[in-house]
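We name chains A, B, ... by the order of the sequence lines, and we start the count at 1 in each one.
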Amino acid sequence: MKRSNHVVGGLLVVLLIASVAVVWSRHRLGRAYQAVLVEAREYEDCDRIARQVRAIRDQPQRAESREILHVELTQRIEQCASAAGIEPARLTRIDPLPARRLSDGPYLEKPTTISLETVGLAQAVQLLHRVSREQTGLWVKEMRLEAPRGHEIGQYWNVEATLCYLIYQPLSTE
Amino acid sequence: MSKQFVIFVNDARWHVGVVGGGSRSHAGGMPDESSDDPEGVSGVASERMFGSRGALKAGAVRIEAVIEGQAATGSALEESCVWDSETAEGDNHGSPTDKADLVAQLLRQLGYRSEPVVLAVPSEWCLAASIVTDDLPDKSRQQAMCYRLEEQLPVASENFVADFIAGDGSALGIAVPTARLTQLIDDLERRGISIEVICPTVLLAASAALAECVDTCQAIVMGHEHDAQLFWYEKGTMRHWHVTPINPTVIASRLRSWAESLAGPLTVRCINLPDECAECVAGGLAESDFNCTVTQTELPPIFELAAVGAWNIAYGERPIVNLRRDTLAVADRMRRIRAPVFTAFAAAIALLLTLSAVLFVRAQHYQHVAEELHSRTATLFEELFDEPAPNGIRLRMESRLREMKGLRGVDDRSTRPNHRPASALSILHKCLERMPTDLRFCILDIRVEPDGILLVGHARTHSDADRIAGSLRRDNAFRVDPPRTQNLKDGGVSFAVRCQLPSGAAEPEKTARLHWNELQ
């Protein structure tokens, strides 16, 4: 009798352990199944994103991911001025202005003003064109050409131009 | 219930009986006519035993001798003994323990599977006496009856187990010394034999064979081996039981003593009693001026009758007495279901473990699939961006895609870099190419703004200034306000022309480059 009770007790313990094992295995199976669903969804999403990335990665860049170093921009302007045949002394000013956000959007507009004195129109246009061509996303936003006094009208110009480029910098809330 | 097993114990010789293997018709019904075994028990034994009371199918009763090594081949035996008589015989098989071993083996051979067994004990082991129960309290009545029975027995109540056949104001107590059965029951139970009922053999036989005639007679004399079992009934209830040698004088004397209070005629039924003995009993009773009728009946041997009585118990009939009580009661009521319960436990454990293993393997498979998918996702990222995959690949890819869209101006959001104004070079080019070539004028100041251009210069006349403005309006490239003009002191006029780009006319930078190249 007592032995039987011990056997029953032992069987109950084993049964309990087996039940716990089943519950644990079922829980593990559920987690593994959920993991499969999550990973499958993850792969599907990533594959879709990858197709989009491949589709747009060859498109030209219209904005910078960060602000161009002032030194870098200055060197580029000087090189372009030199290439346009403008003496360094004619490039009187390069003035970087603070970037400002466009309409609370993800873009910042970074203006830089350059001043040229007594240069030919062709030289000025060539300089600006070169700069905007070599630096992707850079464009001439504003420009003022003024005939300097004491020179033949139309031969030389004092030029003040504002070069701009966009920086993609979403707000933190985006 | 397919079978009922009975163990007949005796001081020297044990028997095992098995009854059933077929169905049982309801008591009082006709014999089973559907049985196709004309030699079976249904056709012979049960009709002889019950008349029309009940029936058993073929192979119903089978009695096997255990110790003596020979089958008790009664009239109802279906076949000869299958028991190995050589094994059964021998000097080493005389003890109750050896007998229990043999009984257990024989029961297994007969198909025993832990069914409840009836243990039939011999009359010699039993003590019987009638007691008055009128004045006994209802509370602890059984105990009180035992004490009252003790007064008439040579055994202390602590040493016997008794059951009672209750009557009208009295009861027939039947007791068996505990010491007789304790070891025996223990031996059998330890061998997996479930003793459910303990009853004297002759009472089992009486309950099966005499159920009908007790209503029509007062006394029954049943011959068994060298003894006569005397039963006295009142109103269908057994009142006295006495065992005596087959001696007509003694039998008649006992019957006379019981019949003293009888008012009506006395009917005695003799069963399996020698004819001459029955006649002597009838003669002895006639001498005492009893209005007496004695009939003689031949029935199968008492073991077969008892086996059928046990079979009736198996089908729910209450045993006439059951000595499996009090100190001889079943110690473990669960013993019969223990084995099936153990089996069920084991099966449940096996099932659960199997289920657990299956779930585990399945989970492993799912985990492997998940890892494979993660690996493919990481490979996708690495191939796309040529850098190690970080944690949270999808979030990083979404971030990268959003950034790329932003840098390339294909962001889904409303503010796009496409809205940036046309290049000043482009506006300047557009303006200069529309200047009239057949007029003499000079430009002193040009201000190019995102939405237009302002020209300041000198012309010869006011109308020349208007012509310049008109020329700029060509192709609707600009919306040109009328020029502001003013005469100069030294001749000519100064003018200022403001040109505005039409709304939404953002010119791609590429156009300006093209024109510039043309100019070059």
Side-chain angles (χ1 to χ4, degrees), chain A residues 1 4 7-8 11-12 14-15 18-19 21-22 24-26 28-29 31-33 35-36 38-40 42-43 45-47 49-50 52-54 56-57 59-65 102-107 125 128-129 132-133 139-147 153-154 161 166 168 170, chain B residues 331-332 338 341-342 345-346 348-349 352-353 355-357 359-360 362-364 366-367 369-370 373-374 376-377 380-381 384 393-394 397-398 400-411 413-415 417-418 420-421 423-425 428 442-450 509 512-513 516:
Chain A
M1 179 84 171
S4 297
V7 172
V8 170
L11 285 173
L12 278 174
V14 175
L15 192 67
S19 303
V22 167
W24 176 77
S25 299
R26 176 67 187 86
R28 193 166 180 274
L29 176 67
R31 287 180 59 187
Y33 184 71
V36 168
V38 168
E39 289 295 342
E42 189 94 349
Y43 178 75
D45 289 348
C46 288
D47 190 50
I49 292 169
Q52 293 181 16
V53 167
R54 289 190 192 100
I56 67 168
R57 73 191 316 173
Q59 292 183 13
Q61 196 163 315
R62 305 291 296 273
E64 298 294 329
S65 58
L102 295 176
S103 308
D104 293 334
Y107 295 101
V125 170
L128 297 174
H129 181 71
S132 60
R133 188 178 61 187
W139 85 100
V140 184
K141 184 182 180 184
E142 292 175 349
M143 187 175 174
R144 181 172 184 180
L145 296 98
E146 195 176 13
I153 291 174
L166 292 174
Y168 181 71
Chain B
D332 180 11
R338 180 155 287 120
V341 166
F342 283 178
F345 264 120
I349 289 168
L352 289 175
L353 289 176
L355 185 62
S356 176
L359 292 175
F360 184 82
R362 196 70 184 157
Q364 287 287 100
Y366 279 141
Q367 196 170 355
V369 171
L373 283 170
H374 184 80
R376 287 171 64 181
T377 307
L380 190 69
F381 182 90
L384 197 64
I393 296 174
R394 184 175 58 83
M397 287 182 76
E398 282 178 347
R400 287 291 184 86
L401 175 65
R402 195 160 50 243
E403 184 182 354
M404 289 178 75
K405 282 182 173 177
L407 293 175
R408 283 156 182 79
V410 289
D411 199 352
R413 282 163 289 196
S414 57
T415 306
N418 287 345
R420 83 181 185 193
S423 167
L425 288 175
L428 178 64
C442 67
I443 302 294
L444 299 176
D445 193 1
I446 303 173
R447 294 182 190 178
V448 184
E449 294 171 350
E509 195 175 356
R513 287 181 191 150
W516 173 250

Exercise. What are the two closest non-hydrogen atoms of B:S356 and A:A21, and how far apart are they?
Worked result: OG-O, 3.3 Å

Problem set entry | Straight-line distance of B:L359 CG to A:W24 CH2, nearest 0.5 Å | 10.5 Å

For this session: Applying side-chain contact (heavy atoms from CB on, under 4.5 Å), run through A:L11 and B:V341 and close with a yes or a no.
Result: CA-CA 10 Å; A:L11 285 173; B:V341 166; over 6 Å; no

Problem set entry | Heavy-atom donor-acceptor pair, A:R57 side chain to B:L384 backbone, under 3.5 Å | yes

Problem set entry | Min side-chain heavy-atom separation B:R408-A:P60 under 4.5 Å | no

For this session: For atom CZ of B:F345, decide whether the heavy atoms of other residues, nucleotides or ligands shown that lie under 6.0 angstrom number more than 12.
Result: yes

Problem set entry | Structural part of B:L380 lying under 4.5 Å from a heavy atom of chain A | side chain

Exercise. Is there side-chain contact between A:R28 and B:Q367, with at least one heavy-atom pair below 4.5 Å?
Worked result: yes

Seminar exercise, completed: All heavy atoms of A:V36 vs all of B:L373, minimum pair found to be O-CD1, 3.8 Å

For this session: I would like to know whether A:M143 and B:L425 meet side-chain contact (heavy atoms from CB on, under 4.5 Å); could you show each step before the answer?
Result: CA-CA 8 Å; A:M143 187 175 174; B:L425 288 175; 4.1 Å; yes

Problem set entry | Spatial distance of atom CD (A:Q52) from atom NZ (B:K405) [nearest 0.5 Å] | 4.5 Å

For this session: Measure the shortest side-chain to side-chain distance between B:L428 and A:L145 over non-hydrogen atoms and say whether it is less than 4.5 angstrom.
Result: yes

Problem set entry | Residues which pass ring-ring contact (aromatic ring centres under 6.0 Å, His included) with B:F381, listed by chain and number, not counting sequence neighbours | B:F385

Exercise. Taking atom CD1 of B:I393 and atom OH of A:Y43, what is their separation to the nearest 0.5 Å?
Worked result: 11.5 Å

Problem set entry | side chain to side chain contact (heavy atoms under 4.5 Å, CB included), paired with A:I49, selected from B:E398, B:R402, B:R400 | B:E398

Problem set entry | Nearest heavy atoms of B:Y366 and A:A32, plus distance in Å | CB-CB, 3.6 Å

For this session: Output the distance between atom CZ (B:R362) and atom OH (A:Y33), rounded to the nearest 0.5 Å.
Result: 9.5 Å

For this session: May I ask you to name which of A:A161, A:A40, A:S65, A:A50 has the most heavy-atom pairs under 4.5 Å with chain B?
Result: A:A50

For this session: Might you work through the side-chain contact (heavy atoms from CB on, under 4.5 Å) test for A:V53 and B:M397, ending with a clear yes or no?
Result: CA-CA 9 Å; A:V53 167; B:M397 287 182 76; 5.7 Å; no

Exercise. Atom CG in B:L401, atom SG in A:C46: separation rounded to 0.5 Å?
Worked result: 11.0 Å

Exercise. Excluding sequence neighbours, so at least two apart, what forms side chain to side chain contact (heavy atoms under 4.5 Å, CB included) with A:R31?
Worked result: A:H27

Exercise. Heavy-atom distance under 4.5 Å between the side chains of B:L407 and A:R62, does that happen here?
Worked result: no

Exercise. Can you tell me if CZ on A:R144 sees more than 12 non-hydrogen neighbours from other groups inside 6.0 Å?
Worked result: yes

Exercise. To the nearest 0.5 Å, how far apart are OG1 in B:T377 and CG in A:D45?
Worked result: 9.5 Å

